[in-house]
Amino acid sequence: MSTTAERNRKIHNILDSLYLQATEENCHIDETLYKTSMDKLFDTTAWGFREIVLVVVVGMKLNPKYKASKELYNCNPRAIYEGPIKEFFIEKQIPHRKSGPLNVAKATVGLDMAWATQRRPSDVAKAVVNIIDYLEKDENIDNRVNDIGVSLFRRLIASAKSLTALTVNIDPQNDPDYIYNLCYELITKTPDSGNTPQKIVAFLLESYHNSFHTNIIVTGGEDRASVTSTTSKKPGDINEEYNGYIYKVYEVTVKHFDIARIRDSFDCISIYNEINDTKISEIIVICRKNDCPHGMIQSGLNCYLGKYIYQNVTYYFCDIFEWLSILLQHITEGGRQEFYSLLNNYINDFNTSLSVKELWQQLHNQ
């Protein structure tokens, strides 16, 4: 067995032990010294903070001398989170993010107050540091590490159960007005850091192409809005492709698409074009009217709002609500039903945010 495989097996055993203790009614733990800090990790939608604490627990289980406050990366956090920890989360259907702990802890040497003051929300980051300080006290390290791990899993399990309880079973509708209203409510009330509109646009494009048998593949729907185009190695949030060739590139946002966003987008397109020997020069930005950049050449129309030319790339801006309505009218009835099912499956997924699930349930109980 390779060194990596052996390490992953050990980590799975560690997680399994903590999980079993967390589900054992007779396992009593005194949380007095860290309960307030632990609770803070679960009062935020930034799941990476709770996940980085679990990474530290695993690191200390593997090596009791490991100190995340000074040398976080000594336990190889990316490998142990994106490998065995994430696999365990999927196995147990525990909500998590793709690279949550690495996102909150990037560009830092150790998890200390200097790191915490630079993170947002800083009070949650400081709660992480308080827990790390508790873990690294000199006496009874093994017991403290185990207690923190069990406490974490009890809350993770409770969170998973509460999300599962919000599952909505639907009879897929094909009324475009009804489906549009659902999308409008989701986008305006629970944008979920941009994930909601990005998923809606991706699923609708996918269903559109499937309903007309175009053989066009829509990519980007599997990513979260926090995944940059550079990370995904694609030129935009969503792309329409055929045989590996990208025909159309979309950016989807409910935030101001200002010159800084345009520059970032342009850099990603330039890198993609250079690496792949392509000449992508047009981007469709699906957004709200008030998200368009200053200096945009306005169209005077309702759906197509106007364009902004930056060097050799043209950005065409479309109103997200008008665009959705038009495409829902144009797609087939079967395509609408498929879209509705894709959206429902995404919202029912254990990794989708609580606020989105709650609103979706409310919309179907009216």
Side-chain angles (χ1 to χ4, degrees), residues 90 93 95 98 163-164 166-192 194-225 227 232 234 236-254 284-287 303 318-353 355-366:
I90 294 171
Q93 292 205 318
K98 186 174 182 179
L163 292 176
T164 300
L166 292 170
T167 297
V168 173
N169 296 314
I170 64 166
D171 179 17
Q173 305 283 323
N174 60 43
D175 180 350
D177 293 332
Y178 173 75
I179 299 173
Y180 169 80
N181 287 330
L182 291 175
C183 293
Y184 178 86
E185 291 291 308
L186 288 169
I187 292 170
T188 56
K189 294 181 179 177
T190 55
D192 187 28
N195 291 301
T196 299
Q198 181 171 316
K199 294 291 184 180
I200 286 173
V201 170
F203 293 151
L204 188 51
L205 281 173
E206 180 182 343
S207 301
Y208 172 86
H209 287 295
N210 288 342
S211 71
F212 287 110
H213 308 287
T214 66
N215 293 321
I216 295 292
I217 303 298
V218 177
T219 58
E222 67 281 4
D223 292 328
R224 290 185 61 78
V227 176
S232 67
K234 296 290 185 179
D237 291 334
I238 299 167
N239 310 284
E240 291 173 314
E241 307 181 20
Y242 181 73
N243 282 342
Y245 180 83
I246 293 178
Y247 285 87
K248 282 291 181 182
V249 178
Y250 298 82
E251 292 284 348
V252 183
T253 187
V254 286
I284 299 174
V285 183
I286 300 178
C287 62
C303 183
C318 292
D319 180 272
I320 187 168
F321 302 114
E322 297 284 344
W323 183 90
L324 284 172
S325 178
I326 290 170
L327 207 60
L328 281 168
Q329 295 288 341
H330 185 57
I331 197 173
T332 66
E333 292 183 4
R336 291 185 208 121
Q337 290 179 322
E338 178 184 339
F339 167 67
Y340 192 8
S341 294
L342 286 173
L343 186 56
N344 185 64
N345 291 341
Y346 161 69
I347 296 174
N348 283 340
D349 186 270
F350 64 92
N351 264 337
T352 300
S353 296
S355 60
V356 180
K357 290 177 178 290
E358 288 176 335
L359 177 60
W360 189 244
Q361 187 178 70
Q362 290 170 18
L363 292 171
H364 288 81
N365 288 337
Q366 291 177 351

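Computed from a predicted structure; not experimentally measured. One-based numbering along the sequence shown.
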Inset, instruction - For the pair Lys234 and Glu241, evaluate salt bridge (charged side-chain N to carboxylate O under 4.0 Å, His left out) and give the outcome as yes or no after the intermediate values. - result: CA-CA 11 Å; Lys234 296 290 185 179; Glu241 307 181 20; 3.0 Å; yes

Inset, instruction - Step by step, work out the side-chain hydrogen bond (donor to acceptor under 3.5 Å, both in side chains) result for Tyr180 and Gln329. - result: CA-CA 10 Å; Tyr180 169 80; Gln329 295 288 341; over 6 Å; no

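With Lys199 contributing its side chain and Gly194 its backbone, the two residues share no donor-acceptor pair below 3.5 Å.
Looking at Val252 and Cys287, their side chains never come closer than 4.5 Å, going by heavy atoms from C-beta outward. Using a 4.5 Å heavy-atom cutoff, the side chains of Ile284 and Val249 are not in contact. Counting heavy atoms from C-beta outward, His209 and Val218 have side chains that approach closer than 4.5 Å. Between Leu327 and Tyr208, the closest side-chain pair of non-hydrogen atoms falls below 4.5 Å. Between Lys248 and Asn239 there is no side-chain heavy-atom pair separated by less than 4.5 Å. Residues Trp360 and Thr352 have side chains not in contact (no heavy-atom distance under 4.5 Å, counting atoms from C-beta outward). Side-chain atoms of Phe339 and Cys183, non-hydrogen and from C-beta on, do get closer than 4.5 Å to each other. The shortest side-chain heavy-atom distance between Asp171 and Tyr340 does not fall under the 4.5 Å cut-off.
Taking the side chain to side chain donor-acceptor pair (under 3.5 Å) definition, one finds that Asn348 meets it with nothing, sequence neighbours left out. Every residue two or more places apart in sequence or in another chain that forms a side chain to side chain donor-acceptor pair (under 3.5 Å) with Thr253 is listed here: Arg261. Applying the salt bridge (charged side-chain N to carboxylate O under 4.0 Å, His left out) criterion to Glu322, with sequence neighbours excluded, gives no partner residue. By the side chain to side chain donor-acceptor pair (under 3.5 Å) test, Glu338 is found to be paired with Asn210, residues two or more places apart in sequence or in another chain being considered. Under the rule for a ring-ring contact (aromatic ring centres under 6.0 Å, His included), the partners of Phe321 that lie at least two apart in sequence or sit in another chain are Tyr184. In this view, Tyr242 satisfies the ring-ring contact (aromatic ring centres under 6.0 Å, His included) rule with no residue, not counting sequence neighbours.
The shortest non-hydrogen separation linking Ser207 to Gly335 is CB-O, 3.4 Å. Nearest heavy atom pair, residue Ser355 against residue Thr190, reads O-CG2, 3.5 Å. Taking each heavy atom of Phe350 and Ile90 in turn, the nearest pair found is CZ-CA, 4.3 Å. When all heavy atoms of Gly220 and Gln198 are compared, the closest pair comes out as O-NE2, 3.4 Å. The minimum heavy-atom distance between Asp175 and Asp177, with the atom names listed, is OD1-N, 3.0 Å. Across Pro95 and Leu163, no two heavy atoms sit closer than the pair CG-CD1, 3.3 Å.
Among Val356, Leu186, Val254, the single residue meeting the side-chain contact (heavy atoms from CB on, under 4.5 Å) criterion with Pro191 is Val254.
The CG atom of Asn351 sits 9.5 Å away from atom CD of Gln93, with the distance rounded to the nearest 0.5 Å. With values rounded to the nearest 0.5 angstrom, Thr196 atom OG1 is found 13.5 Å from Lys189 atom NZ. Atom-to-atom distance recorded for Leu204:CG and Ile179:CD1 is 9.0 Å, nearest 0.5 angstrom. Interatomic distance, Cys303 SG to Asp319 CG, rounded to the nearest 0.5 Å: 6.5 Å. Expressed to the nearest 0.5 Å, how far CD1 of Ile347 lies from CG of Leu166 amounts to 11.0 Å.
Within the 6.0 Å centre-distance limit, the rings of Tyr247 and Tyr245 are counted as a close aromatic pair.
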